[in-house]
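Before any comments, here is the structure.
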Amino acid sequence: MASSEEEVTLLGVVGSPFLHRVQIALTLKRVEYKYVEDDLNNKSDLLLKYNPVYKMIPVLVHNEKPISESLVILEYIDETWKHNPILPSDPYQRALARFWAKFIDDKCVAPAWKSAFMADEKAREKATEELFEALNFLENELKEKFFGGEEINFVDIAAVFIPIIQEVAEMQLFTSEKFPKLFKWSQDFYNHPVVKENMPPKDQLFAYFKARAQSLAANKK
């Protein structure tokens, strides 16, 4: 656990899957932290101070040292607090975990978002095709209950975006018929005690995604 001499602050917006990645990792590590809610439509001076490059959440501030980008934060958490590791100890398995986490960000996040929230039907269909192609790779990669085996690890935490989108949009991004292993994984993952502890109510998730979709639409005008 974080000692009393350590100061750990997390800046975020409730409903953001990227925030909840970090919260899950901190909870798994039993690291106590102060949570500070931000507003992406009226970004705080604190956010601009600690993440002047991207000006986005989440930002982890450990003893006044800021770290941004959720996957980078996950690695920092794992290297700083050694107990309950979320990355494998074997170098090759660690590299694979990093690969699949990046794959999720590069190949799953944007298509999942577009397939759920884009108004244009053709663009939505194209995004769904891209998503299914990516999910097929993950289906084949999933060998056990979780990507981490019997317990969730780095890849599972990175993949939190997928069941969240399915929950919010009430979509069948993956069905038990099309992706049986991912379907079971999504249920087991979402019902994991640590994940459940860090998931806000559905209405808060929906409010976040609705606000982000409106913001993106406004920026395109």
Side-chain angles (χ1 to χ4, degrees), residues 15-25 27-28 70-71 74 78 84-90 92-118 121-206 208-209 213:
S16 165
F18 305 105
L19 166 69
H20 300 313
R21 281 176 172 174
V22 178
Q23 290 180 314
I24 290 167
T27 303
L28 282 169
S70 61
L71 294 183
L74 293 186
D78 204 42
N84 298 340
I86 58 175
L87 274 162
S89 58
D90 177 75
Y92 179 67
Q93 294 301 323
R94 287 171 72 88
L96 283 181
R98 291 187 181 105
F99 173 87
W100 286 112
K102 189 174 188 302
F103 174 87
I104 289 164
D105 271 6
D106 291 347
K107 299 295 185 180
C108 297
V109 171
W113 181 284
K114 291 176 183 177
S115 63
F117 296 105
M118 284 197 77
E121 185 176 349
K122 287 186 178 179
R124 195 166 62 246
E125 288 176 356
K126 184 176 183 295
T128 301
E129 289 178 7
E130 293 175 2
L131 178 63
F132 281 176
E133 183 180 358
L135 291 180
N136 191 56
F137 281 107
L138 291 178
E139 174 80 6
N140 292 331
E141 180 62 20
L142 187 57
K143 305 293 195 302
E144 300 180 62
K145 181 177 181 179
F146 299 109
F147 289 97
E150 287 302 306
E151 277 300 327
I152 62 177
N153 79 345
F154 190 74
V155 179
D156 299 284
I157 297 170
V160 69
F161 199 102
I162 300 170
I164 284 180
I165 284 280
Q166 177 148 302
E167 172 76 8
V168 170
E170 297 182 341
M171 295 178 59
Q172 290 299 314
L173 293 183
F174 39 82
T175 63
S176 57
E177 291 79 18
K178 192 172 184 64
F179 298 108
K181 290 192 289 185
L182 272 178
F183 185 82
K184 186 176 187 309
W185 165 83
S186 68
Q187 294 181 317
D188 290 338
F189 178 75
Y190 217 84
N191 288 319
H192 190 286
V194 171
V195 177
K196 289 184 74 172
E197 181 180 341
N198 288 284
M199 283 298 104
K202 185 176 179 179
D203 59 339
Q204 287 186 303
L205 287 170
F206 183 80
Y208 169 82
F209 279 94

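We're numbering straight along the sequence, starting at 1. For clarity, every value in this text was computed on a predicted model and none was experimentally measured.
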Heavy-atom side-chain contact between Tyr208 and Pro17 under 4.5 Å = yes
Report yes if some heavy atom in the side chain of Glu197 is under 4.5 Å from a heavy atom in the side chain of Gln23; otherwise report no.
-> no
Distance in Å, Asp156 CG paired with Glu151 CD, rounded so as to fall on 0.5 Å steps | 9.5 Å
NZ of Lys114 to CG of Leu131, rounded to nearest 0.5 Å, is 11.5 Å
Aromatic rings Trp100 and Phe103: how do their planes relate, parallel, tilted or perpendicular, breaks at 30° and 60°?
-> perpendicular
For the student: nearest non-hydrogen atoms of Ala158 and Ile104, plus distance | O-CG2, 3.7 Å
Here the gap from Ile86 atom CD1 to Ile157 atom CD1, rounded to the nearest 0.5 Å, amounts to 4.5 Å
Correct closest heavy-atom pair for Leu138 and Phe147 would be O-CE2, 3.8 Å
Roughly how far apart are Asn140 CG and Phe179 CZ, rounded to 0.5 Å?
-> 9.0 Å
For Ala97, all residues meeting side chain to side chain contact (heavy atoms under 4.5 Å, CB included), sequence neighbours excluded | Leu87, Pro88, Phe154, Val155
Heavy-atom closest pair (Asp90 atom, Gln93 atom, distance to 0.1 Å) is OD2-N, 3.0 Å
Parallel, tilted or perpendicular for Phe209 and Phe161, by the 30°/60° rule?
-> perpendicular
Can any side-chain N or O of Lys145 pair as donor or acceptor with the backbone N or O of Glu150 at less than 3.5 Å?
-> no
Minimum heavy-atom distance Leu142-Lys181, with the two atoms named | O-NZ, 3.0 Å
Taking the side chain as C-beta and beyond, is there a heavy-atom pair between Lys184 and Ser176 under 4.5 Å?
-> no
More than 12 heavy atoms of other residues, nucleotides or ligands under 6.0 Å from NZ of Lys196: is that the case?
-> no
To the nearest 0.5 Å, tell me how far Lys107 NZ sits from Glu133 CD.
-> 7.5 Å
Are side-chain heavy atoms of Phe146 and His192 found at a separation under 4.5 Å?
-> yes
Heavy-atom closest pair (Asp78 atom, Asn84 atom, distance to 0.1 Å) is OD1-O, 4.3 Å
Below 4.5 Å, heavy atoms only, C-beta onward: do Leu71 and Phe18 meet side chain to side chain?
-> no
Rounded distance (nearest 0.5 Å) linking atom CZ of Phe132 with atom CZ of Phe137 = 15.0 Å
Closest non-hydrogen atoms of Thr128 and Ser115, given as atom of the first, atom of the second and distance, are OG1-CB, 3.3 Å
Side chain to side chain contact (heavy atoms under 4.5 Å, CB included) with Gln204: which residues, sequence neighbours excluded?
-> Val14, Pro200, Pro201
Set of salt bridge (charged side-chain N to carboxylate O under 4.0 Å, His left out) partners for Glu130, sequence neighbours left out = Lys126
Would you indicate whether the side-chain heavy atoms of Ile162 and Leu135 approach each other to under 4.5 Å?
-> yes
